[in-house]
2 protein chains.
Amino acid sequence: MRVLIVDDERPLAETIRRGLTDEGFVVEMAHNGQDALWAATEKRFDAIVLDIMLPRGNGYQVLTELRRREIWTPVLMLTAKDGDYDQTDAFDLGADDYLTKPFSFIVLVARLRALIRRGAPERPVVLACGDLTLDPVRRRVERAGQEVSLTPREYGLLEFLMRHKGDVVTKSEILEGVWDPAFEGDPNVVEVYVRYLRRKIDAPFERRAIETVRGMGYRLSITGG
Amino acid sequence: MRVLIVDDERPLAETIRRGLTDEGFVVEMAHNGQDALWAATEKRFDAIVLDIMLPRGNGYQVLTELRRREIWTPVLMLTAKDGDYDQTDAFDLGADDYLTKPFSFIVLVARLRALIRRGAPERPVVLACGDLTLDPVRRRVERAGQEVSLTPREYGLLEFLMRHKGDVVTKSEILEGVWDPAFEGDPNVVEVYVRYLRRKIDAPFERRAIETVRGMGYRLSITGG
DNA sequence: GGGTGAACTCAGCAGGTTCTCAGGTCGCAG
DNA sequence: CTGCGACCTGAGAACCTGCTGAGTTCACCC
């Protein structure tokens with residue numbers, strides 16, 4: 001069991017390291033966001049213990065960036081109770097568990113083992129956006145747990161939007177990304193397909209995931225509408 | 001992993017795009033210097049593949065301008081020329097790596113991965129001014145945490161002001177920057193749009209972010225009013 | 001060949017956006 | 001106080017954008 005500890009608070013980090021080593025874990029350490037990202041990207045861990053307070057990229061940034069890089073190693077976050085952020089933030093960002101300082105070491109180990117047990121199997125790489133999910137491997141789209149059947153174009157468009165969720169994408173970007181970089185037809189197709197998509201993923205569920213940004217393009221709302 | 005490919009040679013660009021997409025990258029394209037600058041400024045990429053030969057601003061210019069704007073995304077330059085000069089030039093200008101055409105795709109991917117691994121210092125790409133924020137990528141404007149919806153012109157004007165916050169900008173500068181360098185209508189539009197903006201970002205929040213400097217122009221106060 | 005489904009085009013419509021214009025207001029200098 | 005120019009404001013017309021339903025083409029399958 002390989003664990004990465006990311007903590008700038010040396011004494012605490014050292015205590016955890018010793019404890020985990022005694023418990024039979026193989027431990028590596030990082031003391032800032034940058035090193036943590038590098039280690040987590042380059043090596044394989046079974047879990048990451050991630051403190052929020054870090055120099056060069058705080059815990060939230062590290063976590064966000066990890067998930068963006070599609071690295072799904074289970075993350076246990078350490079938070080100070082009086083912090084600005086609360087645990088819901090951590091969960092939103094893809095943390096799998098969290099502990100509030102001060103915590104008991106026994107609890108830490110227990111949670112860590114639970115995480116590893118839970119997270120050991122390969123995680124499905126599914127794009128999610130609120131209750132809207134898209135599994136590129138299976139080519140499946142679900143909204144609120146219900147499968148939605150899409151044509152290839154509709155699917156391509158949705159995947160593109162989901163890979164840019166929260167960002168505004170222009171029609172020409174969509175045409176380049178989903179149609180063909182050399183597409184020379186009527187840009188209106190995009191509007192038409194947005195409409196098809198809305199009909200299938202928004203209307204039946206009374207949501208508004210795909211926003212129109214007049215004069216600019218479209219944006220998939222992060223919350224899924 | 002988001003990569004921007006800047007290349008005017010369509011077939012090559014297309015080949016790279018497809019290859020990188022297969023490798024799991026999210027790819028965006030620009031085919032001239034101007035588009036490249038825009039994309040690189042407005043969006044966040046993990047790396048940029050930049051050809052030297054470009055219409056509207058060659059690769060060197062693009063690179064220089066990017067670094068001047070303090071955008072540190074890793075850049076891999078492509079050039080057909082072979083020689084030490086080109087290479088040292090590219091490095092001097094802030095390129096992070098360099099490939100001479102023709103190159104093997106495998107090498108390109110390897111170098112790109114190495115670049116991304118090395119990483120760029122993360123920077124938040126949102127303009128802020130007191131409790132007023134503008135996120136160019138998401139095209140979102142918030143005041144006091146509340147989203148404000150703007151029309152394209154209003155948005156353009158606000159972005160311009162925010163990029164010059166604290167400075168007095170004249171109406172003709174605004175017209176050049178937000179409208180068209182060749183705009184020939186009534187300069188009163190600026191006043192009109194300043195009013196629209198104030199109505200949306202100042203009045204409801206009882207602030208005065210946009211100051212009028214009589215006889216000079218306008219200034220966005222650094223504190224956000 | 002007829003039927004089906006997907007991709008795309010087209011043209012009309014609705015409503016938002018942009019810009020002009022004609023006053024009104026304000027600040028400043030004489 | 002007065003006049004002037006700079007700026008503000010409200011209204012409205014022209015314009016533009018995106019939405020929509022209908023229709024065409026095309027490939028595929030029975």
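Lettering of chains follows the sequences in order, A, B, ..., and the numbering in each one begins at 1. Since we're looking at a predicted model, the values are computed, not measured.
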(message) Please determine whether a side-chain nitrogen or oxygen atom of Y218(A) lies at a distance below 4.0 Å from atom OP1 or OP2 of dC19(D).
(response) yes
Rounded to whole Å, CG of D186(A) lies from C1' of dG23(D) at a distance of 15 Å
Which part of the nucleic acid does R214(A) contact within heavy-atom distance under 4.0 Å: base, sugar-phosphate only, or nothing? base
Take K200(A) and D202(A) through the salt bridge (Lys or Arg N to Asp or Glu O under 4.0 Å) test and state the conclusion after the steps.
CA-CA 6 Å; K200(A) 289 187 176 177; D202(A) 273 350; over 6 Å; no
Check your understanding: Do T133(B) and L127(B) have side chains that get closer than 4.5 Å, going by heavy atoms?
Key -> no
| said: Can you tell whether the side chains of R140(A) and E142(A) come within less than 4.0 Å, N to carboxylate O? | reply: yes
* Inspect the contact between D167(A) and R139(B) and indicate whether a charged nitrogen and a carboxylate oxygen are less than 4.0 angstrom apart. => no
OP1 or OP2 of dC19(D) less than 4.0 angstrom from a side-chain nitrogen or oxygen of R198(A), does that happen here?
yes
Rounded to whole Å, the CG-P distance (L197(B) to dC8(D)) equals 12 Å
Is any side-chain N or O of K171(B) closer than 4.0 Å to OP1 or OP2 of dA6(D)? no
Rounded to whole Å, OH of Y196(B) lies from C1' of dG12(D) at a distance of 10 Å
Between CG of D202(B) and P of dT9(D) the distance, given in whole Å, is 12 Å
With a sphere of 6.0 Å drawn around CD of E206(A), does it hold more than 12 non-hydrogen atoms of other residues, nucleotides or ligands? no
So the contacted stretch of DNA chain C, first to last nucleotide with an atom under 4.0 Å from a non-hydrogen atom of chain B, runs from dT17(C) to dG27(C)
Here the distance between atom P of dC7(D) and atom CG of N188(B), to the nearest Å, is 11 Å
- When all nucleic acid strands are considered with a 4.0 Å heavy-atom cut-off, which category describes Y155(B): base, sugar-phosphate, or nothing? nothing
### Task
Under 4.0 Å between any heavy atoms, over every strand shown, what does V192(B) touch: base, sugar-phosphate, or nothing? Just pick one.
base
To the nearest angstrom, the CZ-P distance between R153(B) and dT17(D) comes to 11 Å
**Message:** Check the orientation of W179(B) and F183(B). Use parallel for under 30°, tilted for 30 to 60°, and perpendicular for over 60°.
**Reply:** perpendicular
Exercise for review: Dump the intermediate steps for salt bridge (Lys or Arg N to Asp or Glu O under 4.0 Å) on E211(B) and K165(B), then the final yes or no.
Suggested key: CA-CA 11 Å; E211(B) 307 166 36; K165(B) 67 173 169 180; over 6 Å; no
